[in-house]
Amino acid sequence: MIKVLIIDDEAKARNVLFHYIHNYIPEVIEIKQAASVEEAQKILLNYRPGIVFLDIEMPGQNGFDFLQTIDDPAFDIIFTTSYNQYAIQAIRFSALDYLMKPIDPGELILSIRRHLNKQDMIRQRRLLFHNLLSNLGKDSANEFRLSIACSDGIFFFGVSEILRLEANRNYTAIHLVGRKPFIASKTLKHFEDMLADFRFLRTHKSHLVNADHIIRITNNSEYVILTDGSRIEISRRKKEEVQRFMNIR
């Protein structure tokens, strides 16, 4: 059973989220609300939630200021935001969860399910939060580090370190420069969406490559050759797109 704290300066937003949680999430046994970071800190002195729904944009201290006050997080955080692309990208890169306002009940339910499925990640929260705050302090999203949690622990790396990603059913093999590949429990489409603002090229339904690591395309346009010497297949459907990209890059 779960206790929840909602932190949002807008009363309407808090009440809508309260209504959805109360009506759609039977695992939640208690919900408290705070209109500011200061109020939330007072509540947390005597209240131990399993999940905190945290609004990003608030006057005075915002959601990220709240994170700075957490030394040893004993709860999951699900961020809520109307629209802040830079912050959302930092959150996604840090393997943390968020919901777009207005909140969709179906997305809310999925977020709660993800929380229930990752109870074994409690010791990793501090690392994920720290990476998020580090990313937000960067001058550019190009400097963000990705956090990928998997069965072997958490991997941290920059976008420039990625050579390629390869689909393996509902999993993805991530190949990095000078490191052994590892398996992430996310689809290739998940990473394609996450890396859409960077120079990644889908050469095949199973392959997403970092264009900065492409050396050349073979004469028959069937493969791209990467800096580590690997040959990555180009599907017939993607051939024209890859050729066009190679000509204009």
Side-chain angles (χ1 to χ4, degrees), residues 86 88-98 114 117-118 120-121 123-125 127-132 134-135 138-249:
Y86 192 80
I88 289 170
Q89 196 166 47
I91 291 167
R92 294 187 74 190
F93 268 50
S94 302
L96 296 167
D97 213 349
Y98 71 94
R114 285 192 290 269
N117 290 333
K118 64 178 183 180
D120 58 341
M121 286 180 58
R123 290 175 296 178
Q124 301 174 346
R125 288 176 185 149
L127 293 174
L128 298 178
F129 291 164
H130 177 78
N131 190 58
L132 171 60
S134 175
N135 282 345
K138 304 297 184 184
D139 293 329
S140 166
N142 290 316
E143 301 177 50
F144 285 175
R145 283 199 314 165
L146 280 84
S147 304
I148 305 295
C150 63
S151 58
D152 294 328
I154 303 179
F155 291 82
F156 297 95
F157 50 90
V159 173
S160 63
E161 296 178 66
I162 304 173
L163 284 164
R164 61 188 179 92
L165 303 97
E166 183 175 358
N168 184 357
R169 296 185 180 180
N170 289 326
Y171 297 85
T172 300
I174 301 178
H175 297 257
L176 303 173
V177 176
R179 296 166 64 175
K180 291 182 179 179
F182 67 94
I183 303 297
S185 58
K186 299 288 185 181
T187 65
L188 187 61
K189 181 64 167 59
H190 169 85
F191 290 106
E192 184 178 21
D193 292 344
M194 181 185 293
L195 298 167
D197 293 336
F198 300 86
R199 286 170 49 80
F200 281 78
L201 184 62
R202 190 75 174 258
T203 66
H204 185 279
K205 67 178 182 180
S206 298
H207 298 289
L208 182 68
V209 303
N210 186 340
D212 290 335
H213 285 286
I214 296 177
I215 295 176
R216 63 184 177 88
I217 184 172
T218 57
N219 291 333
N220 55 13
S221 297
E222 291 184 355
Y223 297 92
V224 290
I225 310 301
L226 303 186
T227 52
D228 68 339
S230 56
R231 294 162 57 91
I232 308 303
E233 184 179 358
I234 303 172
S235 67
R236 283 183 294 178
R237 188 169 61 88
K238 290 290 185 178
K239 187 172 294 188
E240 183 178 339
E241 179 183 341
V242 173
Q243 290 172 332
R244 184 169 58 250
F245 177 86
M246 295 298 291
N247 288 331
I248 65 175
R249 72 171 187 161

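- Note that the OG atom of Ser147 and the CG atom of Asn131 stand 3.5 Å from one another [nearest 0.5 Å].
- Judged by distance alone, the side chain of Ser134 and the main-chain N or O of His130 form no donor-acceptor pair under 3.5 Å.
- Taking a 6.0 Å sphere around CG of Asn220, one finds it holds more than 12 heavy atoms contributed by other residues, nucleotides or ligands.
- For Ser140 (side chain) and Asn142 (main-chain N/O), a donor-acceptor pair under 3.5 Å exists by modelled atom type.
- Residues Asp212 and Phe198 fail the side-chain proximity criterion, which asks for heavy atoms closer than 4.5 Å.
- Glu233 pairs by the salt bridge (charged side-chain N to carboxylate O under 4.0 Å, His left out) definition with nothing, not counting sequence neighbours.
- A search for side-chain contact (heavy atoms from CB on, under 4.5 Å) contacts involving Ser160 returns nothing, not counting sequence neighbours.
- Looking at residues two or more places apart in sequence or on another chain, you find no salt bridge (charged side-chain N to carboxylate O under 4.0 Å, His left out) involving Arg92.
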Donor-acceptor pairs under 3.5 angstrom involving side-chain atoms of residues 234-242: please list them, not counting sequence neighbours.
residue, atom, partner, partner atom, Å
Ser235, OG, Lys238, N, 3.3
Lys238, NZ, Glu241, OE1, 3.4

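- In this model, a donor atom of one side chain and an acceptor atom of the other lie less than 3.5 Å apart for Gln243 and Ser221.
- In this structure, Asn210 contributes its side chain and Ile162 its backbone to a donor-acceptor pair below 3.5 Å.
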Pair Arg202, Glu192 - check side-chain contact (heavy atoms from CB on, under 4.5 Å), show working.
CA-CA 8 Å; Arg202 190 75 174 258; Glu192 184 178 21; 2.5 Å; yes

Walk me through it: do Phe200 and Phe245 pass the test ring-ring contact (aromatic ring centres under 6.0 Å, His included)?
CA-CA 11 Å; Phe200 281 78; Phe245 177 86; over 10 Å; no

Donor-acceptor contacts under 3.5 Å from residues 175-187 side chains, at least two apart:
residue, atom, partner, partner atom, Å
Arg179, NH1, Phe156, O, 3.4
Arg179, NH1, Glu161, OE1, 3.4
Thr187, OG1, His190, N, 3.2

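- Residues Thr203 and Tyr223 fail the side-chain proximity criterion, which asks for heavy atoms closer than 4.5 Å.
- Taking the side chain as every heavy atom from C-beta outward, Leu208 and Leu201 never approach each other to under 4.5 Å.
- Residues Leu163 and Ile174 have side chains not in contact (no heavy-atom distance under 4.5 Å, counting atoms from C-beta outward).
- Ile215 is not listed as a side-chain neighbour of Leu226, based on a closest heavy-atom distance of 4.5 Å or more.
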What's the verdict on side-chain contact (heavy atoms from CB on, under 4.5 Å) for Leu146 and Met194, showing C-alpha distance, side-chain angles and the deciding distance?
CA-CA 10 Å; Leu146 280 84; Met194 181 185 293; 3.8 Å; yes

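- Two residues are said to be in side-chain contact when any heavy atoms from C-beta on lie closer than 4.5 Å; Ile154 and Ile148 fail this criterion.
- Not a single donor-acceptor pair under 3.5 Å links the side chain of Arg169 to the backbone N or O of Tyr171.
- Partners of Tyr86 under the ring pair (Phe, Tyr, Trp, His ring centres under 6.0 Å) rule, at least two apart in sequence or in another chain, are Phe144.
- Residues Thr218 and Ile225 are in side-chain contact: their nearest non-hydrogen atoms beyond the backbone lie under 4.5 Å apart.
- For the residue pair Leu188 and Lys205, the shortest heavy atom distance occurs at CD2-O, 3.6 Å.
- Heavy-atom neighbours of Asp193 CG from other residues, nucleotides or ligands within 6.0 Å: above the threshold of 12.
- Atom CG of Leu96 is separated from atom CG of Asn135 by 10.0 Å, given to the nearest 0.5 angstrom.
- In this structure a side-chain-to-backbone donor-acceptor pair under 3.5 Å is missing from Ser206 to Ala167.
- Between His204 and Ile232, the closest side-chain pair of non-hydrogen atoms is not below 4.5 Å.
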Using the rule given for side-chain contact (heavy atoms from CB on, under 4.5 Å), can you reason through Glu166 versus Arg164, listing the C-alpha separation, both sets of side-chain angles and the distance that settles it, and then say yes or no?
CA-CA 7 Å; Glu166 183 175 358; Arg164 61 188 179 92; 3.2 Å; yes

